[in-house]
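Numbers restart at 1 for each chain; the letters A, B, ... are given by sequence-line order, proteins then strands.
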Amino acid sequence: MPELPEVETIRRQLLPLYRGKEIADVRLKTPQLLKNCEPAFFADALRGQTIENMSRKGKFLIVECSHAFPVFHLGMSGIFLKDPAESRYPQHIHLDIDFTDGSALYFQDMRKFGKIWLYQEYPDLPNLGIDPIIGELSEAQLKEFLGKRSIGMKNFLMNQKPITGIGNIYASEILFRSGISPYRRTDEVNAGEVKALHESIHTILEDAIERFGTTYSAYRTVEGESGTNQDFLKVYQREGLPCTKCGSSILKSVIGSRSTFFCDNCQQ
DNA sequence: TCTGACCTGCGA
DNA sequence: TCGCAGGTCAGA
């Protein structure tokens with residue numbers, strides 16, 4: 001669930017709360033979340049480190065410490081909380097980070113799809129494409145990406161290699177705003193549609209960030225509050241409800257093993 | 001390029 | 001009690 005807007009919301013909230021704090025202790029309760037080192041090494045490497053910055057690429061959150069760079073992917077239900085009392089699922093808090101000033105940070109992940117890595121220097125994350133919020137995704141680049149192969153538009157947006165950060169909810173919303181069917185092939189999209197798609201990617205993601213993300217199940221902000229973007233969704237989870245543009249019923253189908261919502265009349 | 005596995009809470 | 005929710009990745 002946490003897609004680019006949710007991870008960006010978390011980053012923006014965490015940074016002013018934790019920048020400059022020194023890590024006193026780290027307790028990793030679920031070692032399977034850690035992907036590239038042993039839990040003891042992870043804790044040793046972070047103890048005594050100061051958080052200098054936090055950055056993001058796609059759905060990955062990069063914590064920049066003085067000499068260590070833990071990277072988090074929130075999977076489908078991962079969130080950070082500053083207060084464990086805000087947790088709906090306290091049994092699923094997998095990581096506690098204590099700071100020397102007495103504060104703490106908790107990583108909760110009900111479904112354990114989250115992942116954690118530790119790097120000694122700022123990681124490249126080479127398998128990720130352009131982040132449309134922090135990178136420059138031009139219309140020309142988008143057109144080039146679309147023309148490289150012929151795959152369905154929904155699958156194109158979900159693939160993190162050309163453009164990173166878009167997941168199932170925002171893929172449906174972006175295609176609806178663009179007026180493009182999720183079944184269209186990438187090499188069939190015309191110049192006007194490329195322009196609409198380019199505009200929609202930015203608008204949908206930026207609006208969702210302003211609304212602190214979309215809360216459907218587990219996602220909460222660092223303060224434990226819901227986002228508000230779910231109140232503005234036009235197609236996602238609206239099967240059978242009237243399209244806000246034409247009044248036709250919103251349809252649901254499965255594309256790439258994922259639920260996809262669209263208006264058959266507005267999206268060609 | 002597509003499918004299933006991973007995982008657990010929730011609603012039907 | 002069972003199916004669904006979905007991000008990523010391995011394997012077909």
(request) For a salt bridge (charged side-chain N to carboxylate O under 4.0 Å, His left out) with A:Arg56, tell me which candidate from A:Glu8, A:Glu64, A:Glu6 qualifies. (result) A:Glu8

Would you say [X] reaches [N]'s phosphate, i.e. side-chain N/O to OP1/OP2 under 4.0 Å?
| X | N | value |
| --- | --- | --- |
| A:Gln160 | C:dT8 | yes |
| A:Lys59 | C:dT8 | yes |
| A:Ser259 | C:dA5 | yes |
| A:His73 | C:dT8 | yes |
| A:Asn168 | C:dA5 | no |

(request) Return the nearest nucleotide to the side chain of A:Gln32; candidates are B:dC7, C:dT8, C:dA5. (result) B:dC7

Just how far, in rounded Å, is [atom2] of [N] from [atom1] of [X]?
| X | N | atom1 | atom2 | answer |
| --- | --- | --- | --- | --- |
| A:Ile255 | C:dA5 | CD1 | P | 13 Å |
| A:Leu33 | C:dG7 | CG | P | 18 Å |
| A:Phe72 | C:dT8 | CZ | C1' | 18 Å |
| A:Leu157 | C:dG7 | CG | C1' | 15 Å |
| A:Arg258 | C:dG7 | CZ | P | 6 Å |
| A:Arg185 | B:dT1 | CZ | P | 7 Å |
| A:Lys148 | B:dT1 | NZ | P | 13 Å |
| A:Lys57 | C:dT8 | NZ | P | 13 Å |

(message) Applying salt bridge (charged side-chain N to carboxylate O under 4.0 Å, His left out) to A:Asp25 and A:Arg47, what does each step give before you reach the verdict?
(response) CA-CA 6 Å; A:Asp25 202 6; A:Arg47 217 171 278 123; 3.1 Å; yes

(request) State yes or no: do A:Met110 and A:Val7 share one hydrophobic cluster built from I, L, V, M, F, W and Y residues joined by side-chain heavy-atom distances below 4.5 Å, directly or via other members? (result) no

(request) Could you verify whether a donor N or O on one side chain and an acceptor N or O on the other, from A:Tyr170 and A:Thr214, lie under 3.5 Å apart? (result) yes

(message) Side chains of A:Thr30 and A:Lys112: any donor to acceptor distance under 3.5 Å?
(response) no

(message) Quick test of the criterion, 5.5 Å between centres and less than 30° between planes. Is A:Phe113 stacked on B:dC6 or not?
(response) yes

(request) Please tell me which of A:Arg149 and A:Ser257 maps to the more 5' nucleotide of DNA chain B, matching each residue to the nucleotide holding its nearest heavy atom. (result) A:Arg149

Where do N or O atoms of nucleotides 8-11 of chain B meet protein N or O atoms at under 3.5 Å, pair by pair?
unit_1	atom_1	unit_2	atom_2	d
B:dT8	OP1	A:Lys112	NZ	2.6
B:dG9	OP1	A:His92	NE2	2.6
B:dG9	O3'	A:Tyr89	OH	3.3
B:dC10	OP1	A:Tyr89	OH	3.2

(message) Assess whether a salt bridge exists between A:Glu3 and A:Lys59, defined as any Lys/Arg side-chain N lying under 4.0 Å from an Asp/Glu carboxylate O.
(response) no

(message) Consider side-chain contact (heavy atoms from CB on, under 4.5 Å). Of A:Cys246, A:Ser181, A:Ser178, which one does A:Cys266 pass it with?
(response) A:Cys246

Can you tell me how the ring of [X] sits relative to the ring of [Y], calling it parallel under 30°, perpendicular over 60° and tilted otherwise?
| X | Y | answer |
| --- | --- | --- |
| A:Phe107 | A:Phe72 | tilted |
| A:Tyr122 | A:Phe69 | perpendicular |
| A:Phe262 | A:Tyr183 | perpendicular |

Sugar-phosphate, base or nothing in reach of [X], heavy atoms under 4.0 Å:
| X | answer |
| --- | --- |
| A:Lys252 | sugar-phosphate |
| A:Ser150 | sugar-phosphate |
| A:Ile151 | sugar-phosphate |

(message) Using five base pairs at each end to define the local axes, how bent is the helix from B:dT1-C:dA12 to B:dA12-C:dT1, to the nearest 10°?
(response) 60°

